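Presented below is the structure to which this report refers.
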Amino acid sequence: MTATGSKTDSATTTRRPPPWPIRFYQSDVGKKYVMAITGIVGIGFIIFHMLGNLHTFEGTHQINEYAEGLRDIGEPIAPRTFLVWIGRIGLLASLVLHVHAAFSLTIANQKARGTVGYDEKRNYLAANYASRTMIWSGVIVLLFLAFHLADLTIGVKAVNPDFTRGEVYDNLIASLERWPVFLIYVIAQGALALHIWHGAWSLFQSVGINNPRFNHWRRNFATGLASILAIGYLTVPFGIMFGIIH
Amino acid sequence: MDVKLRVWRQGGAFGAGSFKEYSAAGISPEASFLEMLDIVNEELTAAGEEPIVFDHDCREGICGTCGLMINGQPHGPQQGTATCQLHMRKFSDGETIVIEPWRAAAFPVIKDLVVDRSAFDRIVEVGGFISVATGAAPDANLIPVPRDAAEASMDAAACIGCGACVAACPNSAGQLFTAAKHGHLSLLPQGQPERLQRAQAMVDVMEKFFGSCTNHAECETACPKGISIDYIAQLNKDYVKSQVANRNLAGQK
């Protein structure tokens, strides 16, 4: 930056820094912050979705009514399906940011490691399986998400040939009665639980919520959340497999 | 005791390196790890070979000069100590010990086991200072400092800048070092004027050299001074504040 010179001089020689949200996102700490916030959005959705799933145990009518009710949220103030679409757009934006930040940080971190790695197998003491496989558990969840939307939301014929729009209960059973699909759901829940177990702890560090008095709660919170979500979600595929939902 | 060594040898910054095997015979279990290397080097010198080059200085764990990756652990199998405070009694007779330099793009090898850690200096240059009034020396203890804050600041100040945090990190992140340097100044009243500017400047320089923190906490266990990742959370928080806070109000409560 030149200290002297006319206004036009400096305007041509210096580039204006980008506005702060972009500048913030350009930094790695900023990306981690965005990952934490979008992760919280994701966890919020995942909790809501899990609670909604439990309507399956009430029977055909209740789960179908619940699914229809989601489209009616906000009526008559907002048009039908308006708020559900706002939510979907928000979730999609969060997902895109989360995934973009994850991949750009992973690539940057691999560069930072340099070309020559350690020869001896690393003796990790604190890093755990979940923390070291976040990118892979994330990829599994992402692939599962694509499958799950095709299977039970959009009803792609190649994925779920018996899909009928609006018949949530029947669609669910038709899909999960197939063994490979059942396995896909179970594996994806395992990956999701691992991802949340590290993520729900890690997000406190990334946004800087740290108080030695309460720090031990953070790990317990993540363990509790991951277990409750995994158990809550797995009740449905297992319920179908054992004939409780039929 | 007799041990076998598998050591990274590299002629210079631009040469390719490789592992070489050496045997160290008749080593006292009470010898320090670096003394064991000294003995091996004397034998190598006597045999007309190039001795193994490694960094060391105070040999009492306070300077941060030494640092070796020993059997896949920074500073070796003993926690809370630097390489120089590690003794041969921690190893078993006949064991093969693998010795490598710190590995990170920001820490290029200069020779054998010595790496260039000047990236740390670049971080300290932009934020590792406080504003001090010139003139006659003021009375001691004029500024009250809460005891817990003083202790927390002192814990961060224990950082000796050895680089074990970077060496241990699967992402080669320099977050623990930067957070310790930022924390030890920013926890004290004297460090407040530059606090947010410090966080921003140090993080921006750090990210030019190092990877990002994904909260493995591996650095904390590798640190010879046991510096907590709590400081990383504090640094992250101050960095975010540095992006949004109204700095005209800096210094106000």
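Computed from a prediction, not measured in an experiment: that's the story for all the values here. Heavy atoms only: backbone and side chains are in, while hydrogens, waters and symmetry mates are out. The chains referred to below are lettered A, B, ... by the order of the sequence lines, with proteins before strands, and numbering in each begins at 1.
Taking B:A167, B:C169, B:A106, B:P108 one by one and counting their heavy-atom pairs under 4.5 Å with chain A, the maximum is reached by B:A167. By number of non-hydrogen pairs under 4.5 angstrom with chain B, the leading residue of A:I209, A:V29, A:N211 is A:V29. Here B:A168 is the residue among B:A173, B:A168, B:C213, B:G174 with the most heavy-atom pairs under 4.5 Å with chain A. Most heavy-atom pairs under 4.5 Å with chain B, from the set A:S202, A:P212, A:G114, A:A130: that is A:S202. Top candidate by heavy-atom pairs under 4.5 Å with chain A, chosen from B:M69, B:Q175, B:Q234, is B:M69. The greatest number of non-hydrogen atom pairs below 4.5 Å with chain B, out of A:Q26, A:K31, A:R132, is found for A:R132. For the options A:N210, A:V207, A:N128, heavy-atom pairs under 4.5 Å to chain B are most numerous at A:N210.
One finds the CE atom of A:M35 at 9.5 Å from the OG1 atom of B:T214 (value rounded to the nearest 0.5 Å). Going from atom CZ of B:F210 over to atom CG of A:D28 covers 12.5 Å, rounded to the nearest 0.5 Å. Taking CE of A:M134 as the start and CG of B:N215 as the end, the distance is 9.5 Å to the nearest 0.5 Å. In this structure, the separation between CD on A:Q110 and CG on B:N171 is 9.0 Å, given to the nearest 0.5 Å. In this structure, OG on A:S206 lies 13.5 Å from NZ on B:K237, to the nearest 0.5 angstrom.
Remark: side-chain polar atoms of A:Q205 are not paired, donor with acceptor, to backbone N or O of B:I232 under 3.5 angstrom. Of the possible polar contacts, one joining the B:E100 side chain to the A:D119 backbone as a donor-acceptor pair under 3.5 Å is found. Put simply, the side chain of A:Y124 never gets that close to the backbone of B:P170: no donor and acceptor are under 3.5 Å apart. Formation of a donor-acceptor pair under 3.5 Å by the A:N109 side chain with backbone atoms of B:S212 is found in this model. Here the side chain of B:E218 pairs a donor or acceptor atom with the backbone of A:L125 at under 3.5 angstrom. Of the possible donor and acceptor atoms, one in the side chain of A:Y118 sits under 3.5 Å from a partner among the backbone N and O of B:R103. For A:R113 (side chain) and B:A104 (main-chain N/O), no donor-acceptor pair under 3.5 Å exists by modelled atom type.
Heavy atoms closer than 4.5 Å to chain A are found in both the backbone and the side chain of B:V240. Proximity to chain B (any heavy atom under 4.5 Å) is restricted, for A:K121, to the backbone atoms N, CA, C and O. For chain A, no part of B:L235 is nearby; none of its heavy atoms comes within less than 4.5 Å. Residue B:D238 does not touch chain A at all, counting heavy-atom pairs closer than 4.5 Å. Both the backbone and the side chain of A:V116 come within less than 4.5 Å of a heavy atom in chain B. In this structure, the portion of B:F19 lying under 4.5 Å from any heavy atom of chain A is its side chain and not its backbone. Heavy atoms closer than 4.5 Å to chain A are found in the backbone of B:P101, but not in its side chain. No part of B:V166 comes within reach of chain A, as not one of its non-hydrogen atoms sits under 4.5 angstrom from that chain. Residue B:Q200 touches chain A through its side chain alone, counting heavy-atom pairs closer than 4.5 Å. Contact annotation for B:Q79: only side-chain heavy atoms (C-beta onward) come within less than 4.5 Å of a heavy atom of chain A.
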Full working for side chain to side chain donor-acceptor pair (under 3.5 Å) between B:N71 and A:N123: CA-CA 8 Å; B:N71 288 345; A:N123 214 334; over 6 Å; no

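Considering all non-hydrogen atoms of both residues, A:A112 and B:G211 come closest at CB-N, 3.3 Å. Closest heavy-atom contact between A:R122 and B:G72: NE-O, 3.1 Å. Closest heavy-atom contact between B:A217 and A:A126: O-CB, 3.3 Å.
Residues A:Y33 and B:N236 have side chains not in contact (no heavy-atom distance under 4.5 Å, counting atoms from C-beta outward). Looking at heavy atoms from C-beta onward, A:R23 lies in side-chain contact with B:Q243 at the 4.5 angstrom threshold.
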